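What follows is a set of notes on a single structure, which appears directly below.
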Amino acid sequence: MGHDRLERRAVISGVGQSVIGRQIDRSGLQLTLDAITAAVHDAGLTIDDIDGLAMFPGGGKANLPGYANGNLYEVQDALGITTTWRQGQVEGMSLPFYGPAQAVATGEARHAVVWRTVKEGSAARKAGGRPAYGSIHPRAEGPLAWLLPVGALSPVCQVAPYATRYLHDFGVKREQLAWIPITQRAHAALNPDAVYRQPLTLDEYMGSRMISYPICLYDCDVPADGSTAIVVSTSEAAGDLRSPVRIEAMAGVIDGRPAWELLEDFTRVGYATAQAMWSRTDLRPTDVDVAQLYDGFMIEAVWWLEAMGFCQAGEAGQFVEGGARIALDGQLPLNTWGGQLSGGRLHAGFGHTAEAVRQLRGEAGDRQVEGAEVAAVANVGGFEAGAAILTGW
Amino acid sequence: MQVSGGTDATVGIPPDVTEETEAFWTAASEGRLVVDQCDDCSAFSFPPRGMCRTCRSRSMRSVEVTGRGRIYSYTVNYQRWLPDLEVPYAIAIVEFPGCPGVRVVGRLRGCAPEEAAIDAEVEVGFEPGPGGYAIPSFVMLGPAP
Ligand SMILES: [Zn+2]
């Protein structure tokens, strides 16, 4: 099938991260420069090779304290480079490498770096708890004007009704889906950079406090400080790169109403994106060796398990129950770095992409999945959605 | 009107009122729920965007929703996101059989928060919210069918 696909003309050439933790007492700019330097080195390139720069979120737009860091102009000035392509990524950018892949595939850049730097761990600590979404603005603007004033003050409250409807319609139990955070915690124990590494038990999960029913504490990702950078290169440069990873297929289709409360069917999220993504490759769900599926909240990983066809609609509870299928030696090892639930909220698919690249290269250390050749990556779902298949070189 | 199961909803973040949403918030202050209806094809649109979602006409008018709504989904918030925020409270996403395509998010009163249920019927209502604005606050009419 179609080797003319745009994404086949791009590779992910490098990933790099700063120190990651609940509170890192360094500026967002310094964390960003650490991550970029590491990613460029990881690609086998030098800073002078970089001619494309992109960051999330574009314009430093923030609705949470500590959300936006690493100003694009300051980073470019620090690096001292000339760019031929830049991008401030917005919500709905599909996956971090989507725009950069378009840029290198069309010759707008040869090697583009994209970063996401969070300081939400420090910000939550400073505020004495996880702050209200939008609380840094005096009034709720745009889509938030329908949510914040009525008390849906956090993304938790905005996503929770999806979980309510899912549990209701399919008769799935919380104690079944609990195995997603429990299993991911076991993976995090093998990741020295993960924020939470102690084992999590089913009793602890079921006994944890409810944040916004049916989402409990362990269904929420953990605010963190840290930066992730990803280098995307033209496939023409593959010979110059240390260990490139192929982008087999990628897609981001938004076919429902683009707002948390308006999406027509809360139980089927990400299906159009997954379908478009699968139409761009001959690979099938059974070919996937490892899955890095967005888990800002646990239910989001459920969406992608079903939308991408790893199990049928409403069957994620049975699929994950007991954890065997999603363990490192299972049929679909899930979020092998701990995901955002235990690894830390690196956000927007950046942590998930970095882990997919490491797994495909056999560089995932103690949490390496044996013989990982095909990785699935997905981001968010609903009004912003991206899915991709990455493969080893 | 104070209905049992309600908590003080005035602690929070008030809406930014725009050209598109002014009619909604003004009607809310009078205890009325209004949505947009198209002059050309009669379809409903909400939230108001100044364009019919069905035929893209720019000729819309505000009409009042008076019928019962039905809970599409809900959550019960237990987290004190802001100092002095009273918890817990239920937030319901409500649809209206008479107004296809309209969904409104509001607080839920008339029952304990834990009694919120999918498909339960609610009555349109409002209560004092942040910044002096009246916010949607639906009244539970009974258990889910
Ligand atoms: Zn119309």
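In what follows, chains are A, B, ... by sequence order, proteins preceding strands, each numbered from 1. Everything numeric here is computed off the predicted structure, so don't read it as measured data.
For B:Glu22, the CD atom counts as loosely surrounded, since its 6.0 Å shell holds 12 or fewer non-hydrogen atoms of other residues, nucleotides or ligands. Within a 6.0 Å sphere centred on CD of B:Glu30, other residues, nucleotides and ligands contribute more than 12 heavy atoms. Within 6.0 Å of CD in A:Gln275 there are 12 or fewer heavy atoms belonging to other residues, nucleotides or ligands. Around CZ of B:Arg56, the count of heavy atoms belonging to other residues, nucleotides or ligands within 6.0 Å does not exceed 12. Atom CD of B:Glu114 has more than 12 neighbouring heavy atoms from other residues, nucleotides or ligands inside a 6.0 Å radius. Within a 6.0 Å radius of CZ in B:Arg80, other residues, nucleotides and ligands contribute more than 12 heavy atoms.
Cation-pi contact between A:Arg139 and B:Tyr133: absent, since separation from the ring centre below 6.0 Å together with deviation from the ring axis within 45° is not met.
For B:Phe46, the parts lying under 4.5 angstrom from a heavy atom of chain A are both the backbone and the side chain. In this structure, the portion of A:Val156 lying under 4.5 Å from any heavy atom of chain B is its side chain and not its backbone.
You'll find the side chain of A:Tyr213 stays beyond 4.5 Å of the side chain of B:Pro88, heavy atoms only. When side chains are defined from C-beta on, A:Arg257 does not count as touching B:Arg103, because their heavy atoms never get closer than 4.5 Å. A 4.5 Å side-chain heavy-atom check between B:Pro47 and A:Leu262 finds at least one atom pair inside the cut-off. Considering only heavy atoms from C-beta on, A:Leu144 stays 4.5 Å or farther from B:Ile13 through its side chain. In this structure, B:Asn77 and A:Leu153 have side chains that are not in contact, with every pair of non-hydrogen atoms separated by 4.5 Å or more.
Taking CG from A:Leu263 and CD1 from B:Ile93, the interatomic distance works out to 10.0 Å, rounded to the nearest 0.5 Å. Interatomic distance, B:Ile91 CD1 to A:Glu261 CD, rounded to the nearest 0.5 Å: 11.5 Å. Atom OH of B:Tyr74 and atom OG of A:Ser212 lie 11.0 Å apart (nearest 0.5 Å).
Your options are B:Val76, B:Val17, B:Val11, and the one with the most heavy-atom pairs under 4.5 Å with chain A is B:Val76. Ranking A:Ala163, A:Pro214, A:Pro161 against chain B, the residue ahead of the rest is A:Pro161, based on heavy-atom pairs under 4.5 Å. Counting heavy-atom pairs closer than 4.5 Å to chain B, the top-ranked of the candidates A:Arg209, A:Arg130, A:His168, A:Gln158 is A:His168.
A pairwise comparison of heavy atoms in B:Trp81 and A:Ile211 identifies CZ2-CG2, 3.7 Å as the closest pair. A pairwise comparison of heavy atoms in A:Trp146 and B:Val105 identifies O-CB, 3.9 Å as the closest pair. Of all the heavy atoms in B:Pro14 and A:Pro138, the pair that sits closest is CD-O, 3.6 Å. Taking all atoms of both residues into account, the shortest heavy-atom contact from A:Val150 to B:Pro136 is CG1-CD, 3.8 Å. Among all heavy-atom pairs drawn from A:Ala145 and B:Trp25, the shortest one is O-CZ2, 3.6 Å. The two residues A:Pro149 and B:Pro15 come nearest to each other via the heavy atoms CG-N, 3.7 Å.
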Practice item. Walk me through it: do A:Asp265 and B:Tyr72 pass the test side-chain contact (heavy atoms from CB on, under 4.5 Å)? Key: CA-CA 10 Å; A:Asp265 186 348; B:Tyr72 175 72; 4.0 Å; yes
